[in-house]
K.L.:
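Attaching a single structure in structure tokens format; questions to follow.
Predicted model only: the values in this text are computed from it and were never measured. Counting convention: from 1, in listed order, for ligands and their atoms alike.
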Amino acid sequence: MALEEMQFWFTERQTRGYRIQWRLKAILHQEKTKFQELAIVDTYDFGRALLLDGVIQVTEKDHFIYNEMISHIPMSTHPQPEYVLIIGGGDGGALKEILKYPSVKRVDMVEIDERVIANCQKYLPNISDQMTHPKANIIIDDGLSFIKNKKDAYDVIIVDSSDPVGPAIQLFERPFYESVLQALKEDGVMVCQSESPFFYEDILGDVTKTLKHLFPIVRTYLAVVPTYPSGLWSFTLASKKWDPLQKDISILPEPDTKYYTRNIYHSVFALPRMVDDIVSS
Ligand code: SPD
């Protein structure tokens with residue numbers, strides 16, 4: 001047997017015809033939780049990674065790109081974000097970014113699977129280390145049932161979900177977005193991850209259409225996340241009052257980040273034609 005074949009590879013299925021392979025140093029932990037298959041693996045090129053149902057969610061090497069982009073764009077769009085809700089986000093990466101804003105008084109983070117939190121705290125401490133911050137309020141609950149009872153409660157809501165399969169399906173559907181609308185204050189801003197425009201244009205298109213029915217301002221932006229399929233990743237921001245395209249970037253804060261800067265704040269909304277076609281149709 002050739003040496004290459006004896007090595008230890010994990011295959012992540014993306015579509016019926018496309019898979020990504022990761023060479024692993026070790027599987028550090030594996031369990032079936034109440035909601036999903038969870039694993040923490042140690043990869044050769046991306047460090048440790050969290051997998052849910054066989055899909056990479058976050059890696060030590062590039063987590064900062066996704067977490068900064070899902071957090072700083074909406075946080076900088078709102079002039080004074082004080083009360084923030086994260087739905088999902090059990091690795092704690094988005095929470096860590098949000099806590100960089102001195103205006104924040106409390107961050108509620110609602111994660112359905114307590115095992116995600118426990119394992120990220122144990123195996124990915126560099127990402128999850130702010131979960132014990134005094135302003136962080138960690139709630140183990142289903143995102144949809146939690147948000148249904150909220151009204152005019154949040155300045156910013158971040159939907160940091162896994163792909164729309166398994167427990168995250170409902171976070172891509174209209175009843176959930178209606179509850180988000182109701183839970184936001186009168187000038188609130190929400191953002192969700194809306195998948196790869198390259199592989200999942202139907203998801204990005206559907207999310208955009210649904211949010212345009214509910215919010216006066218809907219903007220798509222992009223980032224390059226190497227560990228997600230195609231690398232090109234979309235986020236959809238919906239706002240009741242503040243339009244990121246009208247923002248004066250000279251007044252934006254410049255938080256301590258590795259990817260986000262206030263100079264890219266506007267540029268990420270400039271869409272390639274193939275993406276613009278998806279969200280304009
Ligand atoms: N294909 C994987 C996309 C995962 C996006 N969300 C990850 C959430 C990590 N907090």
Side-chain angles (χ1 to χ4, degrees), residues 10-15 18-22 33 35-41 43 46-74 84-99 107 109-121 123-131 136 138 143 157-172 190-204 207 221-236 259:
F10 153 68
T11 301
E12 188 188 21
R13 298 168 68 102
Q14 297 302 336
T15 69
Y18 178 65
R19 298 176 177 183
I20 299 174
Q21 285 200 305
W22 303 76
T33 75
F35 302 97
Q36 52 211 340
E37 293 280 350
L38 180 155
I40 306 279
V41 297
T43 72
F46 287 89
R48 292 182 176 186
L50 165 71
L51 275 78
L52 296 177
D53 288 332
V55 176
I56 297 268
Q57 301 299 317
V58 70
T59 75
E60 282 181 318
K61 179 137 180 171
D62 75 345
H63 72 91
F64 66 92
I65 304 176
Y66 174 88
N67 284 321
E68 288 178 14
M69 292 305 285
I70 202 168
S71 306
H72 292 291
I73 299 287
V84 180
L85 170 66
I86 305 170
I87 304 273
D91 53 76
L95 173 71
K96 187 169 179 162
E97 297 308 314
I98 288 159
L99 288 168
V107 189
M109 191 184 97
V110 182
E111 165 62 53
I112 195 168
D113 193 340
E114 62 187 330
R115 299 303 299 155
V116 172
I117 294 181
N119 282 293
C120 290
Q121 285 181 309
Y123 294 103
L124 299 167
N126 294 339
I127 302 173
S128 62
D129 60 355
Q130 293 303 306
M131 286 210 248
I138 311 294
I157 296 179
I158 293 179
V159 186
D160 179 13
S161 70
S162 47
D163 298 327
V165 282
I169 284 182
Q170 57 188 10
L171 304 183
F172 287 78
M190 71 83 74
V191 72
C192 59
Q193 71 89 358
S194 39
E195 299 286 315
S196 159
F198 193 82
F199 281 119
Y200 302 109
E201 65 180 84
D202 51 336
I203 298 174
L204 173 58
V207 165
Y221 63 94
L222 299 173
V224 173
V225 184
T227 54
Y228 292 167
S230 86
L232 186 64
W233 208 253
S234 76
F235 301 85
T236 305
Y259 187 92

K.L.:
Does Lys96 use its side chain to pair, donor to acceptor, with the backbone of Asn126 at less than 3.5 Å?
P.N.:
yes
K.L.:
Roughly how far, to the nearest 0.5 Å, is the CD1 atom of Ile158 from the CD atom of Glu97?
P.N.:
10.0 Å
K.L.:
Does a side-chain heavy-atom distance below 4.5 Å link Leu51 with Phe10?
P.N.:
yes
K.L.:
Would you name the heavy atoms of Ile138 and Met131 that are closest together and state the gap between them?
P.N.:
CG1-O, 3.8 Å
K.L.:
Pairs under 3.5 Å, N/O atoms on ligand 1 and on the protein: can you put them in a table with the distances?
P.N.:
residue: ligand 1; atom: 1 (N); partner: Asp163; partner atom: OD1; Å: 3.1
residue: ligand 1; atom: 1 (N); partner: Asp163; partner atom: OD2; Å: 3.0
residue: ligand 1; atom: 6 (N); partner: Tyr66; partner atom: OH; Å: 3.2
residue: ligand 1; atom: 6 (N); partner: Ser161; partner atom: O; Å: 2.7
residue: ligand 1; atom: 10 (N); partner: Asp91; partner atom: OD2; Å: 2.5
residue: ligand 1; atom: 10 (N); partner: Asp160; partner atom: OD1; Å: 3.1
residue: ligand 1; atom: 10 (N); partner: Asp160; partner atom: OD2; Å: 3.0

K.L.:
Taking the side chain as C-beta and beyond, is there a heavy-atom pair between Ile117 and Met109 under 4.5 Å?
P.N.:
yes
K.L.:
How many angstroms lie between CG in Leu52 and OG in Ser162, if you round to the nearest 0.5 Å?
P.N.:
6.0 Å
